[in-house]
Amino acid sequence: MKNSLLNLTRREGTQKVFASLLSILIGLAVGAIVVAIVGLTKPGIGIRGIWDGVQLIFFGILAKGREAGQLVWGFNPAAWGNMLFRATPLVMTGLSVAIASKTGLFNIGAPGQYLMGTMATLMIALGIPSGTLPPFMIWMLAFLGGCLAGALWGAIPGALKAFLNINEVLACIMTNWLAANVVTWAFDISSFKNVVENTKTGYVYKTTYGLTQVDGVWTYVEGAGVATPKLGLDLIFPGSQVNGGIIIAALIAIGVYILMSKTTLGYQLKACGSNRHAARYAGINDKRNIVLSMSIAGALSAAGASLYWLSGNTEFYWSTYQALPAAGFNGIPVALLAVNNPIAVIFTGIFMAMLDIVGQQLTGLTAYNEYITDVIISVIVYLSAFSLVIRMMLTSKKKTDATNANAKSIEEKEATTEEEKKGGEEA
């Protein structure tokens with residue numbers, strides 16, 4: 001029993017899980033320490049306020065509100081539903097970063113791919129007149145169109161890497177800001193700006209608004225468009241934004257896992273990531289696979305945007321888009337924490353979305369603000385990166401020890417052979 005447990009802890013997969021869990025626990029502990037420091041230095045919070053903040057750091061998703069000044073705990077369907085809704089794009093961008101990493105590439109271009117997917121999805125969903133096609137077909141066209149836009153945008157840094165050997169990180173940074181300006185320009189000259197709700201400026205219609213003829217004039221009317229079906233989740237999590245997008249994201253993650261671990265294409269992609277030149281020597285088209293890997297990564301990131309905006313309950317703010325979408329960058333810690341495992345990405349994406357909800361609970365129920373959760377995420381990201389370095393060092397040490405042991409064994413065999421020879425000659 002003891003030996004089996006020891007062997008289990010020595011497995012690479014087990015060590016990866018332990019490293020990720022340890023990163024999460026340390027990150028939460030650091031968040032609690034920050035809460036305590038702020039509470040002790042800021043007047044008016046007090047010990048009780050510090051204790052409430054610490055509780056929310058660890059169990060914020062279970063907070064239901066306050067009654068008579070006390071925190072009330074239990075199942076909060078709205079918070080859980082919103083967590084799953086916000087997790088959907090994080091799972092997809094996490095998959096985007098993970099699949100590129102599996103092939104030896106760092107896809108920091110997920111924000112740009114996310115933006116291009118956003119643009120294509122909204123333009124298709126809002127550009128097809130209601131009634132010309134069934135709503136589910138418009139939804140499918142918008143979703144697939146967004147994925148295609150992201151795939152094409154992801155192929156650009158992939159092609160630059162494959163054919164010109166330009167570092168994909170530099171190429172992705174450039175395409176990110178190109179995407180931001182292209183999206184701003186495209187919506188600026190479009191007719192998709194929300195003019196029905198006059199109090200809003202710089203917003204695009206929700207996808208639930210459909211282009212319909214009213215008295216001979218084409219007008220956007222609420223309820224005539226498309227939205228991702230709820231699939232019964234709204235009954236489990238009433239009062240939230242949740243829809244079937246999280247189920248679609250989970251199914252896509254399972255599909256990516258099967259692709260990477262059970263197919264010839266997945267083997268070729270991983271072979272290129274392990275050693276591009278060795279893969280080429282083995283007959284694998286490394287250039288094609290590099291471009292294909294970044295295209296798949298781009299499509300996954302754009303799919304996250306499609307699922308988010310096709311929910312029908314969110315609006316896209318396009319005017320003077322000076323900041324890249326956080327969902328694209330947050331895919332990096334999601335993938336790091338999951339150690340690039342597509343199935344684990346589902347759970348780490350949900351965990352990151354949970355921290356977002358915890359931040360809102362801190363703001364709404366205490367004197368703290370949501371930025372404390374940014375500290376937690378930062379610590380987790382750094383520890384995840386360090387754990388990867390430590391595992392690499394341990395792996396290198398194991399290989400060195402094995403090599404030394406083999407060399408020592410060979411020397412001992414040679415010495416034994418020499419002694420046997422001498423003994424034979426003397427006889």
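We find the CD1-CD1 distance between I33 and I26 to be 10.0 Å, quoted to the nearest 0.5 Å. Between K64 atom NZ and N76 atom CG the span is 7.5 Å, to the nearest 0.5 Å. Of the inter-residue distances, the one linking L90 atom CG with D356 atom CG reads 8.0 Å to the nearest 0.5 angstrom. For the atom pair CG (L310) and CE (M140), the distance works out to 10.5 Å, reported to the nearest 0.5 Å. Here CD1 of I284 is found 9.0 Å from CG of L269. Values are rounded to the nearest 0.5 Å. Atom OG1 in T121 sits 11.0 Å away from atom CE in M116 (nearest 0.5 Å).
The two atoms that bring S101 and N340 nearest to each other are OG-ND2, 2.9 Å, heavy atoms only. Closest approach of T93 to A327, counting heavy atoms only: OG1-O, 3.0 Å. In this structure, N285 and R288 approach most closely via the heavy-atom pair OD1-N, 3.1 Å. G81 approaches S240 most closely through the heavy-atom pair CA-OG, 3.4 Å. The heavy-atom pair separating L105 from M294 by the smallest distance is CD1-CG, 3.7 Å. Between P111 and L324 the shortest heavy-atom distance is CB-CB, 4.0 Å.
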**Stepwise side-chain contact (heavy atoms from CB on, under 4.5 Å) check, L160 with N167** = CA-CA 8 Å; L160 292 174; N167 187 283; over 6 Å; no

**Residue pair W185, N181: steps toward the side-chain contact (heavy atoms from CB on, under 4.5 Å) verdict** = CA-CA 6 Å; W185 170 79; N181 285 280; over 6 Å; no

**Asked** Between F237 and L84, is a side-chain contact (heavy atoms from CB on, under 4.5 Å) present by the stated rule, with each step listed?
**Response** CA-CA 10 Å; F237 307 104; L84 295 177; 3.7 Å; yes

**Message:** What verdict does the side-chain contact (heavy atoms from CB on, under 4.5 Å) test give for L211 and T219, after you've listed the backbone C-alpha separation in whole Å, the side-chain angles of each residue and the deciding distance to 0.1 Å?
**Reply:** CA-CA 5 Å; L211 188 60; T219 309; over 6 Å; no

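In this structure a side-chain-to-backbone donor-acceptor pair under 3.5 Å is missing from T228 to N243. Within the 3.5 Å criterion, the main-chain N or O of A63 finds a donor-acceptor partner in the side chain of Q361. Side-chain atoms of S190 come within 3.5 Å of backbone N or O of F187 as a donor-acceptor pair. Distance alone, capped at 3.5 Å, is enough to place a donor-acceptor pair between the N176 side chain and the I108 backbone. Of the possible polar contacts, none joining the S295 side chain to the G154 backbone as a donor-acceptor pair under 3.5 Å is found. Distance alone, capped at 3.5 Å, is enough to place a donor-acceptor pair between the N82 side chain and the A78 backbone. Under a 3.5 Å cut-off, the side chain of S293 and the backbone N or O of N289 do not form any donor-acceptor pair. Not a single donor-acceptor pair under 3.5 Å links the side chain of T132 to the backbone N or O of I128. Side chain of E168 to main chain of F106: a donor-acceptor pair is present (N/O by atom type, distance under 3.5 Å, no hydrogens or angles). A donor-acceptor pair is defined here as one N or O able to donate and one able to accept, closer than 3.5 Å; no such pair exists between the side chain of R276 and the backbone of G104.
Residues T103 and I290 form no side-chain contact, since every pair of their non-hydrogen atoms from C-beta on lies 4.5 Å or further apart. Proximity of V291 to F163: side-chain heavy atoms (C-beta onward) are separated by under 4.5 Å at one or more points. Side-chain contact check for T348 versus M352: every heavy-atom pair is 4.5 Å or farther apart. Residues F75 and L62 form no side-chain contact, since every pair of their non-hydrogen atoms from C-beta on lies 4.5 Å or further apart. Two residues are said to be in side-chain contact when any heavy atoms from C-beta on lie closer than 4.5 Å; K193 and V204 fail this criterion. Side-chain contact check for V35 versus I57: some heavy-atom pair is nearer than 4.5 Å. At a threshold of 4.5 Å between non-hydrogen side-chain atoms, the residues L355 and L28 count as touching. Looking at heavy atoms from C-beta onward, T314 lies out of side-chain contact with K206 at the 4.5 angstrom threshold.
Aromatic pair F192/Y205: ring centres not closer than 6.0 Å. Taking the centre of each ring, F85 and Y308 come in below the 6.0 Å mark.
The 12-atom threshold is not exceeded at OH of Y281, counting heavy atoms of other residues, nucleotides or ligands nearer than 6.0 Å. No more than 12 heavy atoms of other residues, nucleotides or ligands shown are found within 6.0 angstrom of OH on Y267. Open room surrounds CZ on F347; 12 or fewer heavy atoms of other groups in view lie less than 6.0 Å from it.
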Could you pull out all donor-acceptor pairs under 3.5 Å where a side-chain atom in residues 369-377 meets a protein atom, sequence neighbours excluded?
unit_1: N369; atom_1: OD1; unit_2: Y371; atom_2: N; d: 3.0
unit_1: T373; atom_1: OG1; unit_2: E370; atom_2: O; d: 2.5

Cut-off 3.5 Å, no hydrogens considered: what does the side-chain donor-acceptor table look like for residues 248-263, sequence neighbours left out?
unit_1: S261; atom_1: OG; unit_2: Y257; atom_2: O; d: 2.6
unit_1: T263; atom_1: OG1; unit_2: L259; atom_2: O; d: 2.3
unit_1: T263; atom_1: OG1; unit_2: G266; atom_2: N; d: 3.1

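Ring orientation note: the planes of F59 and W73 are nearly perpendicular, at an angle over 60° on the 30°/60° scale.
Each of L95, V339, V97, I99 was checked for a side chain to side chain contact (heavy atoms under 4.5 Å, CB included) with V345, and the lone residue meeting it is L95. Applying ring-ring contact (aromatic ring centres under 6.0 Å, His included) to F316 and the options Y203, W309, Y114 leaves one that passes, W309.
Q113 and N107 share a donor-acceptor pair across their side chains, judged by distance under 3.5 Å alone. Using modelled atom types, one finds no donor on one side chain facing an acceptor on the other under 3.5 Å when comparing S96 with S301.
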